[in-house]
Asker: 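Below you will find the structure I want to go over with you.
Read the numbers this way: they start at 1 and go in the same order the structure lists the ligands and their atoms. Values in this document were obtained by computation on a predicted structure and should not be read as measured data. Residues: numbered from 1 along the sequence shown.
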Amino acid sequence: MSAVDAILRLFKGGDHIVSSDDVYGGVSRLFNRVLTKFGLEFTYVNSSNPDEVETAIRPNTKMVWIETPTNPLLKVTDLEAVGKIAKEKGLLFAVDSTFATPYHLCPGEYGADMVMHSTTKYLSGHNLIIGGIVLTDRKDIQEQLKFIQKSVGAVPSPFDCWLIMEGLKTLSLRMARHSANGMKVAEYLEAHPKVASVTYPGLETHPMHKVAASQMKNGFSGMISFELKGGIPAAIELMNSVQLCQLAESLGAVETMITHPATMTHAEVPEDERRARGLSDGLVRLSVGIEDVEDILEDLDQAFAKVD
Ligand SMILES: Cc1ncc(COP(=O)(O)O)c(C=O)c1O
């Protein structure tokens with residue numbers, strides 16, 4: 001969150017940001033409940049539709065902020081199209097690429113001036129640290145961010161940095177396994193009679209599958225969201241019945257984690273805003289780990305057996 005905050009401190013009161021509507025709940029909280037107090041203005045759009053991004057741009061707009069795929073609805077944005085709009089309008093273009101990681105996606109190839117990752121997740125990969133990084137190929141931005149970081153003091157410890165560096169050494173191996181397992185688990189869920197819908201960018205049923213397939217390389221990462229036919233009670237029963245999968249808020253580590261966004265990661269997003277975004281109370285998010293996929297499927301099977 002400090003990495004996101006550092007980017008937003010490039011701006012001043014009265015500046016306006018166009019943002020993807022489905023962003024991690026902590027990002028909405030920072031934007032709406034902290035940064036608006038300092039006069040920053042935000043407009044949220046469904047960035048899967050580049051026209052909505054363009055229409056939201058005002059004379060005081062300074063940056064387009066995109067999360068892709070999003071947390072938790074896995075919406076995908078066409079970075080080439082949105083990057084073109086940002087460049088034409090002279091706006092900074094920043095991408096939260098936490099879910100995709102550099103293994104699957106390089107937003108810089110589509111003109112992103114800044115790419116942000118929560119290193120807490122896949123980059124470190126083992127649920128051992130909390131951190132974030134901003135990547136930029138612009139010297140002027142790098143200097144400003146370095147100054148902000150030093151002035152504010154949101155600096156990671158050397159030990160945490162070392163753990164991230166250790167994690168990075170196995171990033172490609174882990175991501176290959178996360179996405180292979182993710183695909184198998186998504187297909188299993190899609191075929192499951194107790195599941196109402198599954199969202200995974202690798203499935204052809206995902207509305208932005210073609211864009212995801214063209215801009216993401218080597219697969220689609222390990223994040224899946226789904227809804228059960230039995231609604232909220234069924235989701236709760238499932239989450240309380242898993243044994244191998246961990247009921248946890250975080251994501252992107254070697255262990256499979258199952259989450260209930262409405263009461264966990266996105267609990268502080270007001271209910272009407274959650275509804276408007278399409279984030280239902282019955283939504284379950286799965287961060288598929290690198291275990292033997294048969295073990296994950298077996299665990300889900302035994303948990304589903306307890307669900308009405
Ligand atoms: C997409 C995304 N961006 C940013 C963050 C914030 O990361 P952290 O918890 O490491 O501050 C998260 C956390 O879940 C996230 O999912």
Side-chain angles (χ1 to χ4, degrees), residues 1-9 17 19-35 42 44 47-48 63 65-77 79 94-105 107 112 114-135 149 152-157 160-161 163-164 167-168 175 178 182 199 201 212 216 220-225 246-253 255 257-269 274 277 279 283-289:
M1 288 313 305
S2 296
V4 181
D5 185 58
I7 293 177
L8 272 295
R9 283 174 195 256
I17 314 304
S19 169
S20 300
D21 56 3
D22 184 49
V23 287
Y24 163 57
V27 172
S28 338
R29 182 175 56 200
L30 173 69
F31 287 2
N32 296 337
R33 295 180 53 192
V34 179
L35 297 174
F42 298 89
Y44 298 94
S47 55
S48 300
M63 179 172 75
W65 174 268
I66 297 297
E67 189 173 305
T68 182
T70 63
N71 182 357
L73 296 174
L74 298 156
K75 287 186 175 180
V76 170
T77 291
L79 293 181
V95 178
D96 180 344
S97 197
T98 298
F99 273 28
T101 82
Y103 179 77
H104 291 303
L105 182 69
M114 286 167 277
V115 184
M116 178 261 149
H117 297 274
S118 162
T119 51
T120 314
K121 315 292 169 11
Y122 288 112
L123 298 198
S124 61
H126 298 77
N127 276 333
L128 295 174
I129 60 105
I130 291 174
I133 191 166
V134 183
L135 308 165
Q149 192 185 26
V152 173
V155 181
S157 73
D160 285 2
C161 293
L163 286 170
I164 298 165
L168 284 175
M175 291 318 295
H178 279 296
T199 311
M216 293 176 79
F220 303 89
S221 196
M223 300 303 300
I224 302 173
S225 59
Q246 316 270 327
L247 180 62
E249 285 234 357
S250 201
L251 63 102
E255 306 91 353
M257 284 171 276
I258 194 161
T259 307
H260 184 226
T263 57
M264 296 167 76
T265 51
H266 293 68
E268 288 187 47
V269 177
R274 289 207 304 270
R277 272 195 200 186
L279 202 171
L283 191 83
V284 179
R285 192 190 74 188
L286 205 54
S287 171
V288 180

Asker: Classify the ring geometry of F42 against F31: parallel below 30°, tilted from 30° to 60°, perpendicular beyond 60°.
Answerer: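 The arrangement is parallel - the two ring planes meet at less than 30°.
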Asker: Using a 4.0 Å cutoff against the non-hydrogen atoms of E67, which atoms of ligand 1 qualify?
Answerer: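 Close to E67: 1 (C).
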Asker: Could you walk me through whether Y24 and M1 satisfy the side chain to side chain contact (heavy atoms under 4.5 Å, CB included) test, starting with their C-alpha distance in whole Å, then the side-chain angles of each, then the deciding distance to 0.1 Å, before giving a yes or no?
Answerer: CA-CA 10 Å; Y24 163 57; M1 288 313 305; 3.8 Å; yes
Asker: In the protein, what heavy atom is nearest to atom 2 (C) of ligand 1, and what distance, to one decimal place, separates them?
Answerer: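 Checked against all protein heavy atoms, atom 2 (C) of ligand 1 sits closest to D96 OD2, 3.4 Å.
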Asker: Can T98 and N71 be said to form a side chain to side chain contact (heavy atoms under 4.5 Å, CB included), step by step?
Answerer: CA-CA 9 Å; T98 298; N71 182 357; over 6 Å; no
Asker: Provide, to 0.1 Å, the distance between atom 7 (O) of ligand 1 and the closest protein heavy atom, together with that atom's residue and name.
Answerer: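 Going atom by atom, the protein heavy atom closest to atom 7 (O) of ligand 1 ends up being S118 OG, 3.2 Å.
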Asker: Looking only at side chains, do R277 and T70 share a donor and an acceptor under 3.5 Å apart?
Answerer: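 R277 vs T70: no donor-acceptor pair found between side chains.
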Asker: Where is the nearest protein heavy atom to atom 5 (C) of ligand 1: which residue, which atom, and how far?
Answerer: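 The closest heavy atom on the protein side is Y24 CD2, 3.3 Å.
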Asker: Looking at atom 13 (C) of ligand 1, what's its closest protein heavy atom, distance included?
Answerer: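 Answer, as residue, atom name and distance: K121 NZ, 2.5 Å.
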Asker: Just jot down the ligand 1 atoms closer than 4.0 angstrom to any heavy atom of G131, in number order.
Answerer: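 So the answer, numbered in order with elements, is 10 (O).
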Asker: Assess whether side chain to side chain contact (heavy atoms under 4.5 Å, CB included) is satisfied between L79 and V95, documenting all intermediate values.
Answerer: CA-CA 9 Å; L79 293 181; V95 178; 4.1 Å; yes
Asker: By number and element, which atoms of ligand 1 are closer than 4.0 Å to a non-hydrogen atom of M1?
Answerer: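 Counting from 1, the qualifying ligand atoms are 6 (C), 11 (O).
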Asker: Start with the C-alpha distance between V269 and L279, add both sets of side-chain angles, then the distance that settles side chain to side chain contact (heavy atoms under 4.5 Å, CB included), and finish with yes or no.
Answerer: CA-CA 10 Å; V269 177; L279 202 171; 5.8 Å; no
Asker: To check your reading of the model: name the closest protein heavy atom to atom 16 (O) of ligand 1, its residue, and the distance in Å.
Answerer: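 Looking at atom 16 (O) of ligand 1, the protein heavy atom closest to it is N71 ND2, 2.9 Å.
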Asker: Can you name the one residue among D21, N32, D22 that meets side chain to side chain donor-acceptor pair (under 3.5 Å) with Y44?
Answerer: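 Only one of D21, N32, D22 forms a side chain to side chain donor-acceptor pair (under 3.5 Å) with Y44, namely N32.
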Asker: Ligand 1 and T120, any nitrogen or oxygen pair closer than 3.5 angstrom?
Answerer: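 Yes; the residue has a nitrogen or oxygen that sits under 3.5 Å from a nitrogen or oxygen of the ligand.
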